[in-house]
Amino acid sequence: MRDRVRTMAAEASSTSSIQGLRTLLFWQMKFHPRAFVAGILISFVPAVAGLALLGVAGWFITATALAGVAAVAMNVFTPSAVIRGLALARTGGRYGERLITHDATFRFLTDLRCRIFSAQAQSAGDGRVWRSAGLLGRLTSDIAALDGVYLRLAVPTVIAVFVGLGVAVFSFWQTPVVALGPFLALISTATVATVLVRRRRTKFARRQEVAQEALRVRTVDLVAGRRDLAVYGGLAVRADAILQADKRLQEAEAVLNGKTATAVAVAGFGAQAAVAFTLGLACWQVAQGLLSLPMATAVLLLVLGLPDVLNGVASGYARIGTISRAANRAVAGTARAAKSAALMKDPKRPAVRAPSPQGTPVLAFRHVTFRYPGAERAVLADVSLDVQPGEWLCIVGPSGCGKTTVSALASGLLSADDGEVLLNGSPVDLIAEGALRSRITVIGQRPALFHDTIAANLRIANPDASEADLWQALQAASLDERIARQDTGLETILGEGGLGLSGGEQRRLGLARAYLTRPDLFILDEMTEGLDHDTAQLVLQRFAAFRGDAAVLMIAHKSVDIDWAHRTFDLSQL
Amino acid sequence: MHKALPTEPEGLAATRAQNRKGSSDPVDVKTTGEPLLPTERKALRRAGHILSFADILWIAQAAIVAALVSAFVPAALTDAPSAFDEPGIMIIVAAAGGFFALAFLRLRLTLRSQKMALKAAQSVKSRLRGKLLDAFSATSPAAHLPASGEIAAHMGEQIDAVGPYLSNFFPQKVRLSIVPLAILIAMGCISWLAALILLMTGPIIPVFMALIGLRAKSASLAQQHELTRMSGMVMDRLRGLETLRLFGAVESSRQEIEAVGTQFRKGTMKVLRIAFLSSTVLELFSALGIAFIAVFVGFSLLGDVSTGIWVGELTFGAGLFLLLLAPEFYAPLRAYAAAYHERSSGLAALESLQGLDQRLCGAAEVTPHSGKGRTTGGQTVSFAGSGLSIEMEDVSVRLGGHPVLEQTCDTIVAGEKVLLVGQSGAGKTTLIDLLLGFHRPESGRVLVGGLDLETLDKDWWRGHVAWLGQAPVLAHGSLRSNLLVARPNASEAEVLAALDLAGARALVARLPRGLDTRIGENGFGLSIGEQRRVALARAALRRDALLILADEPTAGLDRETADLVIDGLLSLARDKTLLIATHDEALLARNFRQIKMRSGTTKAPEDISA
């Protein structure tokens, strides 16, 4: 199982490429082009206004100094009004920039979350992806980290390049030599950014993630297994393993944090070096009479203000390793959806035919072979079976002979490697998902319940069910009295994982949910597992009464279940 | 599986923690359990001082710039290209070089300060993890603890959240207390009016920010809760994805997630509109401060304003110096405001860690004196024979203030097979925990092989017990490593024999890599019955065990598997003392002596649940 996790992780992030970043940026641009561009455009306002404020102020005081000494009259009101105006523009611009860029990003992330959800749904239950709590947690935190793609990388880069070039061009226009100063600031920032991209050390970002996961898993093991460890030894060893994980985490973080600190400090130093350079060049040009003193001061102050614009680049790019890993995973998480969605929209897919009385089996396996990826031998080899309309077939066989695989193939969660699985005569793989789901209902051992109202949990099976339908289903599962006792009735909210209901009640709620469907085929996957004989018998009786003329494919190994079937099919006899 | 996730109540607790903090205003590190050692505190302060010193060097840099530029004023007035050596090319180079050298010094200082702060923060984090582990180790394994996922979240993210608070916010706080003051003094030396402008705008900023921040705070708390809710909901739906797919409800769930996401975005933007206002106020005042300084300097130089300085008239050099210093007055304020959220999350994490610590200590109190986890002590002896007698003399155990066992007396002779029966809550598990040394009797004593259990080394004693729990927990790792914990030097043949005994050989044979198959979270990949058989094999590896304890070994198993487990247990316990707590009819039908536990607190047994 660990291998599957590895495969998925590798698939998502083995390449330390920044392809994921590019893809996400492209998606965000396509998702809402106007907001994307507007965010960048408005970001220019505070950047330009802030720099202009310094530049005009520098020019202004130098000009007034010269005018004051020479006792020349000078229009002071325009410049001072401009200075105050720029101060306000910088403030307002900053506010607008933040609101617009954040709103655009959050809109996109909401969409991305949905895309990933749909993508994951396409492959749910095919056994290929192991959804551990850690992996799911990673996915949600990835999405949160991706706000950096636009806010910390794209916008600051565009602003830095254009504003930096703008200052350089302005200086060049004054006197070409001075332009070397702002150019140096731009080059040093670009160098830092390039170095950060080139040596983005996803190695350490990966180590950090691995250590974080180890820390979590080992703590869970230690706490959940404390009795076992106390008896069988190893409490101290496990505790030390946690400290080991902490040590590795600290080592990785020391590198990553040190890199960030160095990048930001070096970029800052580059900007200061540019100021020193500009100072020397400007004074030299003034001494040569090629540049007026007020303009020299203005250029100097513009260069001094550049770090405000450039610093965001260094701090953003320092996190590029972490962000690009998250981006690669998020893109990998959605890629699957695109493929499956394309398949599902295929117009050639036939609508499923209603069960025909003239002997077409509801479910048919034709020489089906299936092998799990990476497994040495096939679980199912050349299996053929039929379930006729109204028939109740029980699949029997020892553990591990592939009973559950039959169920997953029949419900279309897995696709056969060879042979055909037919539902009402049509290949299951070709039936549109929606149509397929309305024809088959699977009842498993442990129902997944959601942190939502009881009504919402039931309506997953049938969104159009009326309240009366819900009560009827609850009654069929003998849960109606329990729910009626609640003050809030159907609107009672279940805790995470169905908390608040006992294990038995949760299973009955799962049954009630299944009773809201009217499929052609029920698949019972060890439905009564873990129930005592009498309860199992009761559950089966109610089910038999409910199923009407729907066919049943049952997976079971206890006689209480098998006795209900019309026919058994022994997988081990093949 | 979902245990490992932060649950809704936890999110609420975090929000409540923040609320509490809001009411008891300035919570500093001091009031939250003192996570810092004096040396670490000193290191962080020092980091702040170095950072401040680097900033103060700017005053010298500004002086260099102002002096050099103002040297050109006379030449500029004559309006003629001055002789090249007027201030002299050497002076230009020297000034630029000096500026550069100071910049380099600032780089070194900044780096040093950051490395120092990061190192201190890391040492605090490691220490907090060690402390949490110690607190955990001090509790009895039988104590009721928070969910493993919650403790893991504390061990991971919560402690991580303390990092930026210490490594970034703390030095920024020190910087804020030094740098603006230094700039103010430097400017005040030249012009009292310029200093006054800064003084008017500077200290007002926190007031405005606080006013706006108060409103933002309540909104952001609600939003924090909303975020927890949304993440929880997405996780919840992702976890049940297979069910959603099987019922064709994927699309409706996607729409639901989109709706919640949109609602969250709107809520967040509402909070941000207010939160950004506070940084906008900062922005406004710093921009206006710079603008006022520029206008004041300009008008003074023109001679239109003749007040604001101590003596004489304002020179251009002095004016430029003031203008260059002004932005640096506001820079620490902006950095402080930007790092403020690190303070909030860091303090919230510290507080919740302290809460967990108290809960762990509380759990330790529930089971007083219970074997101090890893600590050893007490005697080790070698028992003769293969079985072991157990005598309980008037044993009473209290859990959480309630008596669970009251003056229980019984003698189990060596090699006897005994069933513990009684309703749930009657104390069956407590008795087994008592024999494992997880609880200590309040009164009375337990003799094993004639020796008082209290006097035995607990780790040594547990090494002579084979135990099969109701929900055995297998750790991440290979099946083999899970088995070998019971007997690290067991040979392959011994492992296979143990598997045979537990009826688990076929089960292992069908796993993709046999014994080297890795098991995931909560024994992922194995059913409950399989996990229990693996656990039985683990128990069987402990061949020199003298006592075998089994707690509801067949609960929730189908008959076939249950019989397999019973047969394995009995053959394992052939010549040993065996104690089984059970409801199982098949076991009760066997001809074993039964100890009927009287229920202290009667709980209705669950109807059809496993």
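Below, read A as the first sequence line, B as the second, and so on, with proteins coming before strands; counting in each chain starts at 1.
Residue A:Ala261 comes nearest to B:Gln114 through the heavy atom pair CB-OE1, 3.1 Å, listed as atom of the first residue, atom of the second, then distance. For the pair A:Ala265 and B:Leu107, the tightest heavy-atom approach, listed with the atom from each and the gap, is O-CD1, 3.3 Å. The minimum heavy-atom distance between B:Ser140 and A:Arg226, with the atom names listed, is O-NE, 4.5 Å. Pairing each heavy atom of B:Leu246 with each of A:Ser411, the nearest pair is CD2-CB, 4.1 Å. A pairwise comparison of heavy atoms in B:Arg273 and A:Tyr95 identifies O-OH, 2.6 Å as the closest pair. Taking both residues in full, the closest heavy atoms of A:Arg216 and B:Ala152 are given as O-CB, 3.7 Å, listed atom of the first, atom of the second, then distance.
Proximity to chain B (any heavy atom under 4.5 Å) is restricted, for A:Thr441, to the side chain, taken from C-beta onward. Using a 4.5 Å cut-off between heavy atoms, B:Val93 does not touch chain A at all. The parts of B:Gln122 that come within reach of chain A are both its backbone and its side chain, each placing non-hydrogen atoms under 4.5 angstrom from that chain. Only the side chain of A:Arg94 comes within contact range of chain B, with at least one heavy atom under 4.5 Å from a heavy atom of that chain. If you measure heavy-atom distances from B:Ser252 to chain A, you find no contacts under 4.5 Å at all. B:Gln61 touches chain A through its side chain: at least one heavy atom from C-beta onward sits under 4.5 Å away, while N, CA, C and O do not. Of the two parts of A:Leu301, only the side chain, counted from C-beta on, holds a non-hydrogen atom closer than 4.5 Å to a non-hydrogen atom of chain B. Proximity to chain A is limited to the side chain of B:Leu324, based on heavy atoms less than 4.5 angstrom apart. Residue A:Leu249 touches chain B through its side chain alone, counting heavy-atom pairs closer than 4.5 Å. Using a 4.5 Å cut-off between heavy atoms, B:Thr315 does not touch chain A at all. Both the backbone and the side chain of A:Thr91 have a heavy atom closer than 4.5 Å to some heavy atom of chain B. Proximity to chain B is limited to the side chain of A:Asp308, based on heavy atoms less than 4.5 angstrom apart. Only the side chain of B:Leu118 comes within less than 4.5 Å of a heavy atom of chain A; its backbone N, CA, C and O stay farther away. With a 4.5 angstrom heavy-atom cutoff, A:Leu66 touches chain B via backbone and side-chain atoms both. Contact of A:Leu293 with chain B is made through the side chain alone, with heavy-atom distances under 4.5 Å. For B:Arg254, the parts lying under 4.5 angstrom from a heavy atom of chain A are both the backbone and the side chain. With a threshold of 4.5 angstrom between heavy atoms, B:Leu288 approaches chain A through its backbone and through its side chain. In this structure, the portions of A:Gln250 lying under 4.5 Å from any heavy atom of chain B include both its backbone and its side chain.
Residues B:Asp433 and A:Arg227 are in side-chain contact: their nearest non-hydrogen atoms beyond the backbone lie under 4.5 Å apart. Two residues are said to be in side-chain contact when any heavy atoms from C-beta on lie closer than 4.5 Å; B:Val485 and A:Val237 fail this criterion. Using a 4.5 Å heavy-atom cutoff, the side chains of B:Pro327 and A:Leu304 are not in contact. Put simply, the side chain of B:Leu272 reaches to within 4.5 Å of the side chain of A:Phe106, judged on heavy atoms. Taking 4.5 Å as the limit, every side-chain heavy atom of A:Tyr232 sits out of range of all side-chain heavy atoms of B:Arg462. Residues B:Phe299 and A:Ser80 have side chains in contact (heavy-atom distance under 4.5 Å, counting atoms from C-beta outward). Between A:Phe117 and B:Leu244 the shortest side-chain heavy-atom distance falls below 4.5 Å.
Highest contact tally toward chain B, considering only A:Asn257, A:Val266, A:Val264, A:Thr517, is held by A:Asn257 [criterion: heavy-atom pairs under 4.5 Å]. Interface summary for chain B: among A:Thr64, A:Leu53, A:Leu54, A:Thr262, the most heavy-atom pairs under 4.5 angstrom belong to A:Thr64. For the set A:Val56, A:Leu88, A:Asp111, A:Val275, the count of heavy-atom pairs under 4.5 angstrom toward chain B peaks at A:Val275. With chain B as partner, the option from A:Leu99, A:Val442, A:Leu290 having the largest number of non-hydrogen pairs under 4.5 angstrom is A:Leu99.
Ionic pairing of A:Asp452 and B:Arg237 is present here: one or more N-O contacts between side-chain nitrogen and carboxylate oxygen are shorter than 4.0 angstrom. Using a 4.0 Å cut-off between charged nitrogen and carboxylate oxygen, B:Lys125 and A:Asp246 do not count as a salt-bridge pair.
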Q: Please step through side-chain contact (heavy atoms from CB on, under 4.5 Å) for the pair A:Leu413 and B:Arg245, ending with a clear verdict.
A: CA-CA 9 Å; A:Leu413 293 180; B:Arg245 185 176 171 202; 3.4 Å; yes
(Q) Let's go through A:Thr62 and B:Leu320 carefully: what are the C-alpha distance in whole Å and the side-chain angles of both, what is the deciding distance for side-chain contact (heavy atoms from CB on, under 4.5 Å) to 0.1 Å, and is it a yes or a no? (A) CA-CA 8 Å; A:Thr62 320; B:Leu320 183 57; 5.6 Å; no
(Q) Please evaluate residues B:Arg542 and A:Val231 with respect to the criterion side-chain contact (heavy atoms from CB on, under 4.5 Å), reporting the C-alpha separation (whole Å), side-chain torsions for both, the decisive distance (0.1 Å), and the verdict. (A) CA-CA 11 Å; B:Arg542 206 162 245 191; A:Val231 175; 3.8 Å; yes
Q.
Determine whether B:Arg538 and A:Asp228 satisfy the following criterion, side-chain contact (heavy atoms from CB on, under 4.5 Å), listing intermediate values before the conclusion.
A. CA-CA 10 Å; B:Arg538 178 174 69 180; A:Asp228 300 58; 2.5 Å; yes
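Of the residues A:Arg437, A:Arg459, A:Arg513, the one that meets the side chain to side chain contact (heavy atoms under 4.5 Å, CB included) test with B:Phe247 is A:Arg513.
Separation of the A:Phe277 and B:Phe99 ring centroids does not fall under the 6.0 Å cut-off.
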